[in-house]
Novice: 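Encoded as structure tokens, here's the structure I'll be asking about.
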Amino acid sequence: MQGNDFLSITRQDGIATIFLDRAPVNALSGAFRTQIFEALESLTHDNTILAIVITTQELPFSAGADIKEFSQGYLGKTFMDIYEVCNSSTKPIIAGIRHYALGGGLELAMLCHHRVALSPCKLGQPEIKLGLIPGGTGTQSLPRLVGVTKSCDMILTGKPISAQDALSYGLLDRVCSEELPAFCQSFAQELLDNPDYVATIALHQGFPQAPHPSFFHDERIRLQQQSYCFQAPEVALSCIKSSCEKSLQDGLAFEQSQFMQLINGPSSQAMRYQFMAEHLAREVPGVTKTTPTQTLHKIGVVGGGLMGSGIAMLCAAREYQVIIVERDHDAMIRCRKVIADYFHKAVVKGKFSESTAQKIQLKICFDTDIKVLSEVDLVIEAVFEELSVKKTVLQILDGICKPACIFASNTSGLDLNALAQVTNRPSQVLGLHFFSPAQVMRLLEVVRGKSTSDETLATGLALARHLKKIAVCVGVCPGFVGNRMVIRYFQQVEYLLLSGVPPHIIDKALEDFGFAMGPCKMADMSGLDISMRMMPGDTLAAFMVKNGRLGQKSHAGFYNYASGNYVPQPSDHAHDLISKYAKKRGVEVKEYTTHEIVDRCVFSLINEGVHILEEGVVSRASDIDLVYVHGYGFPAYRGGPMFYADSVGLAIVRDKIATFAKTQHKLWPHSSMLQAVIRSGGKLYQQKVNRF
Ligand code: 3H9
């Protein structure tokens with residue numbers, strides 16, 4: 001065996017096998033690409049070698065280009081260099097894919113003449129999630145292998161596909177379930193034994209064709225309607241189109257130039273920052289790899305409403321044994337039906353097979369007697385969001401559950417310290433704030449109370465990882481991170497509404513900025529009664545509720561909703577109520593531009609975020625951005641409120657906030673941290689605090 005830093009080569013019977021070995025994910029850095037290039041070049045010129053296999057012993061095939069290197073420019077050999085060496089080879093080159101081939105990893109595999117994968121593999125082009133396009137020949141090779149429609153699906157959504165699908169699409173030559181290198185080597189031998197065999201790479205397989213003449217035009221319109229200022233999907237589409245229309249050389253050159261523009265642009269920088277933020281959030285003060293964690297088998301869920309049933313389904317799907325306790329028989333039957341209906345729909349939609357859905361449901365038991373939780377390892381309470389109700393439940397659980405059992409509250413912002421104090425095990429109490437629907441939303445605020453032990457926190461974080469959540473560890477304050485910030489946001493929305501800006505104008509301004517949903521639609525969807533509870537006192541939400549407008553649930557909120565559909569329609573009644581309430585509060589009618597609407601709402605998030613950071617509720621600014629992007633629909637391609645503040649310019653943000661504060665002093669508290677960061681010339685998104 002011949003070794004190199006990131007790869008090793010074995011030779012047997014004229015077949016050379018290159019083992020990629022750059023832990024943990026075979027990220028293709030410049031140095032690694034250079035080693036692959038050099039190995040290929042030397043083997044293609046080696047007369048004793050007839051075929052080449054590129055694979056791994058244990059590691060995944062490759063997670064793509066090394067994202068951590070992107071800010072340093074293009075280092076080492078390029079994918080085009082690898083293309084040249086593969087293309088000039090008359091010897092078959094076979095990629096043997098283990099675990100996954102993503103991004104540049106799949107592009108490397110597509111530059112080989114053939115692809116074999118182990119059956120549980122995933123293959124994908126996730127670059128769009130980094131604000132990029134496949135820039136290592138993928139936009140030209142994928143359509144040639146799988147056709148235009150499927151390559152658009154893969155590149156525009158970034159979702160990976162299974163090895164079985166890849167085989168049926170023509171992306172793979174073989175799928176195997178046995179020892180991968182040996183399988184690839186015998187496949188190579190098979191090719192060598194065929195006297196008619198000619199090695200041809202995908203890029204030389206002729207031109208792909210659009211499924212119909214208006215395909216690219218229709219797709220572009222669809223993308224324009226949903227991507228606002230996010231350019232990568234349209235750029236990717238242009239590149240795929242060029243694979244049908246331009247010569248190979250021109251198509252490749254076009255892809256290269258587009259990739260370079262995107263990688264240096266603000267959207268990709270923001271999305272790469274989000275990728276890094278996700279990994280950084282795993283570093284939690286006090287929790288290391290050696291911090292002991294409890295092994296969880298059985299999980300109890302108290303309260304089987306929307307949140308409780310979602311949490312139960314999520315845990316069962318990840319193989320935990322779950323017991324849901326409801327307050328009475330009728331509630332228990334309702335909960336059972338909600339879960340059965342969910343799985344029925346999921347099977348119809350093809351999310352689960354019938355047998356998987358059955359298997360998951362068998363992991364969930366239902367009961368009305370809380371004593372059945374005596375032996376569970378963790379209880380998540382998801383009862384009504386009221387401190388006294390939650391305290392009572394935790395006190396009861398404390399008398400029932402085994403001493404080692406951990407208690408988690410799914411509160412969205414109540415005082416976790418007060419909850420922990422009613423138990424005799426405050427060190428074993430933490431918050432797990434799931435976002436609705438719990439089985440879908442990736443964000444989880446993991447709340448550390450003042451008594452929460454490192455072990456309890458580490459167990460909560462390990463659970464979050466097992467549930468495939470993005471866990472952000474937060475301290476205790478009303479509303480934690482997300483809901484505390486959203487209150488500031490809604491205060492500005494209320495102000496704009498009272499100033500006479502119609503709900504649909506506010507929503508459009510923020511949707512055009514990139515929010516997944518405008519705030520008025522969002523408030524209607526979650527319920528104005530919920531907004532009223534989040535912002536107690538004399539508020540517009542309370543006034544609307546008093547007048548029977550609770551949002552979607554009453555078919556009337558800031559908008560009207562016809563029964564059976566949730567398409568918001570402008571409402572004269574809502575308009576009259578808003579005007580009446582504005583008069584009562586003495587707010588003058590004023591006109592606002594789109595820009596001003598966005599600034600007010602987004603800067604309110606920034607200002608509150610800075611205070612949260614200053615108080616040490618999170619340990620770093622990027623945690624706030626994760627919460628807002630994954631929990632509240634802030635556009636990922638703007639990085640999150642903290643990152644966005646830096647891109648606007650902190651002095652501009654500070655001056656704007658000062659202007660707003662002149663008329664709304666209480667809503668825009670002054671932050672000394674913002675001043676300090678400006679003075680130091682630093683970036684807000686890079687700030688860390690040690691008080692957490
Ligand atoms: C690309 O390929 C562009 C090309 O088209 C053209 C180029 C010219 N680079 O998530 P995990 C690290 S763009 C560098 O915990 P999992 C990750 O940070 C790329 N590092 O494991 C972490 O490090 P740490 C397209 C990477 O099993 C460690 O690996 N590819 C990369 O839960 C383990 O990761 C993508 O977008 C990378 N590409 O999930 C794939 N990938 O421990 C992005 C991972 O220090 N990656 N790391 O924090 C993923 O989606 C997931 O990491 C993956 C593994 C599914 C691969």
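Positions are given from 1 along the sequence. In listed order, ligands and their atoms are each counted from 1. Every value quoted in this text rests on a predicted model; they were computed, and no experiment measured them.
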Novice: How far does CZ of Arg318 sit from NZ of Lys469, to the nearest 0.5 angstrom?
Specialist: 10.5 Å
Novice: State whether the side chain of Asp173 and the backbone N or O of Arg115 hold a donor-acceptor pair below 3.5 Å, judged by distance alone.
Specialist: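 Looks like yes, one N/O pair under 3.5 Å.
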Novice: Under 6.0 Å between ring centres: does that hold for Phe643 and Tyr628?
Specialist: no
Novice: Please check atom 27 (O) of ligand 1 for a protein heavy-atom neighbour under 4.0 Å.
Specialist: no
Novice: Contact between His99 and ligand 1, counting heavy atoms under 4.0 Å?
Specialist: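 Under 4.0 Å: no for His99.
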Novice: Pairing donors with acceptors under 3.5 angstrom, does anything connect the side chains of Asp81 and Thr78?
Specialist: yes
Novice: Taking distance alone, with N or O pairs closer than 3.5 Å, would you say Gln125 contacts ligand 1?
Specialist: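 No; the residue has no nitrogen or oxygen that sits under 3.5 Å from a nitrogen or oxygen of the ligand.
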Novice: What is the closest protein heavy atom to atom 14 (C) of ligand 1, and at what distance does it sit?
Specialist: Asp66 OD1, 3.2 Å
Novice: Looking at Pro60 and Pro24, what are the two nearest heavy atoms and their distance?
Specialist: CD-O, 3.7 Å
Novice: Is Glu234 salt-bridged to Arg220, cutoff N-O under 4.0 Å?
Specialist: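 So Glu234 pairs with Arg220 through a salt bridge.
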Novice: Among all protein heavy atoms in this structure, tell me which lies nearest to atom 8 (C) of ligand 1, with the distance rounded to 0.1 Å.
Specialist: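 Closest protein heavy atom to atom 8 (C) of ligand 1: Tyr74 OH, 3.2 Å.
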Novice: Taking distance alone, with N or O pairs closer than 3.5 Å, would you say Ala65 contacts ligand 1?
Specialist: yes
Novice: Would Arg272 and Ser268 satisfy side-chain hydrogen bond (donor to acceptor under 3.5 Å, both in side chains), going step by step from the backbone distance to the final call?
Specialist: CA-CA 6 Å; Arg272 272 144 46 204; Ser268 177; 2.8 Å; yes
Novice: Under 4.0 angstrom from atom 51 (C) of ligand 1, is there any protein heavy atom?
Specialist: no
Novice: Taking non-hydrogen atoms only, is Ala63 closer than 4.0 angstrom to ligand 1 via side chain, backbone, both or neither?
Specialist: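 The answer is both, backbone and side chain.
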Novice: List the closest protein heavy-atom neighbour of atom 43 (C) of ligand 1: residue, atom name, distance to the nearest 0.1 Å.
Specialist: Phe275 CE1, 3.6 Å
Novice: Is the distance between the ring centroids of Phe187 and His114 under 6.0 Å?
Specialist: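 Ring centroids of Phe187 and His114 are less than 6.0 Å from each other.
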Novice: Just which atoms of ligand 1 are under 4.0 Å from any heavy atom in Gly64?
Specialist: 2 (O)
Novice: Number the atoms of ligand 1 from 1 as they appear, then name those within less than 4.0 Å of a heavy atom of Leu130, with their elements.
Specialist: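 Atoms satisfying the 4.0 Å criterion: 13 (S), 19 (C), 36 (O).
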Novice: Looking only at protein heavy atoms, which one is nearest to atom 39 (O) of ligand 1, and how far off is it?
Specialist: Tyr100 OH, 4.7 Å
Novice: Quick test of your reading of the model: are Arg448 and Asp454 salt-bridged, counting only N-O distances below 4.0 Å?
Specialist: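 So Arg448 pairs with Asp454 through a salt bridge.
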Novice: Can you list the ligand 1 atoms lying under 4.0 Å from a non-hydrogen atom of Gly104?
Specialist: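 Within the 4.0 Å cut-off of Gly104, ligand 1 contributes 1 (C), 2 (O), 4 (C), 5 (O).
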Novice: Heavy atoms only: which of Thr78, Asn26, Leu102 is nearest to atom 55 (C) of ligand 1?
Specialist: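 Nearest option to atom 55 (C) of ligand 1, by heavy atoms: Leu102.
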Novice: Heavy-atom contacts with Arg465 under 4.0 Å: which atoms of ligand 1 show up? List them by number with element.
Specialist: 15 (O)
Novice: Closest non-hydrogen protein atom to atom 22 (C) of ligand 1, residue and atom name please, with distance?
Specialist: His279 CD2, 3.7 Å
Novice: Can you tell me if Gly138 contacts ligand 1 (heavy atom of the residue under 4.0 Å from the ligand)?
Specialist: no
Novice: Does the pair Lys150 and Asp153 meet the rule for a salt bridge (Lys or Arg N to Asp or Glu O under 4.0 Å), with working shown?
Specialist: CA-CA 5 Å; Lys150 293 206 166 69; Asp153 277 354; over 6 Å; no
Novice: For atom 35 (C) of ligand 1, which candidate among Pro126, Ala281, Gly136 holds the nearest heavy atom?
Specialist: Pro126
Novice: What atoms in ligand 1 come closer than 4.0 Å to a heavy atom of Glu107?
Specialist: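 Numbered from 1, ligand 1 contributes 4 (C), 5 (O), 6 (C).
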Novice: Is there a polar contact between ligand 1 and Ile67, counting only N or O atoms under 3.5 Å apart?
Specialist: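 For ligand 1, there is an N or O atom that lies under 3.5 Å from one belonging to Ile67.
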Novice: Step through it carefully: locate the ring centre of Phe634, locate the ring centre of Phe515, and say whether they are under 6.0 Å apart.
Specialist: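 Distance test on ring centres: under 6.0 Å, yes.
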Novice: Please list the nearest protein heavy atom to atom 44 (C) of ligand 1 with its residue and the distance rounded to 0.1 Å.
Specialist: Val25 CG2, 3.6 Å
Novice: Determine the interplanar angle of the Phe230 and Tyr637 rings, folded into 0 to 90°, and report it as parallel if under 30°, tilted if 30 to 60°, perpendicular if over 60°.
Specialist: parallel
Novice: Does NZ or CZ of Arg22 fall inside the cone over Phe6's six-membered ring, less than 6.0 Å from its centre and within 45° of the axis?
Specialist: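 Yes, cation above the ring, under 6.0 Å and within 45°.
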Novice: Counting only heavy atoms closer than 4.0 Å, does ligand 1 sit against the backbone of Arg282, its side chain, both, or neither?
Specialist: side chain
Novice: Which atoms of ligand 1 have any heavy atom of Glu127 under 4.0 Å away?
Specialist: 1 (C), 2 (O), 3 (C), 4 (C), 5 (O), 13 (S)
Novice: Quick check on contacts: which atoms of ligand 1 are under 4.0 angstrom from a heavy atom of Phe259?
Specialist: 6 (C), 7 (C), 8 (C)
Novice: So if I count the atoms of ligand 1 from 1 in the order they appear, which ones are less than 4.0 Å from some heavy atom of Pro24?
Specialist: 28 (C), 29 (O)
Novice: Protein heavy-atom contact under 4.0 Å for atom 10 (O) of ligand 1?
Specialist: yes
Novice: Judging by distance only, is a nitrogen or oxygen of Pro134 under 3.5 angstrom from one on ligand 1?
Specialist: no
Novice: Tell me, which protein residue and heavy-atom name are nearest atom 45 (O) of ligand 1, and how many Å apart are they?
Specialist: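 Of the protein heavy atoms, Lys68 NZ, 3.3 Å lies nearest.
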Novice: Would you find a donor on one side and an acceptor on the other, under 3.5 Å apart, between the side chain of Thr55 and the backbone of Gly96?
Specialist: yes
Novice: Taking NZ in Lys683 as the centre, count heavy atoms belonging to other residues, nucleotides or ligands within less than 6.0 Å. Is the count above 12?
Specialist: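 At most 12 heavy atoms, drawn from other residues, nucleotides or ligands, come within 6.0 Å of this atom.
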Novice: Below 30° counts as parallel, above 60° as perpendicular, anything between as tilted: where do the rings of Phe435 and His433 land?
Specialist: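 If you compare the ring of Phe435 with that of His433, the planes turn out tilted.
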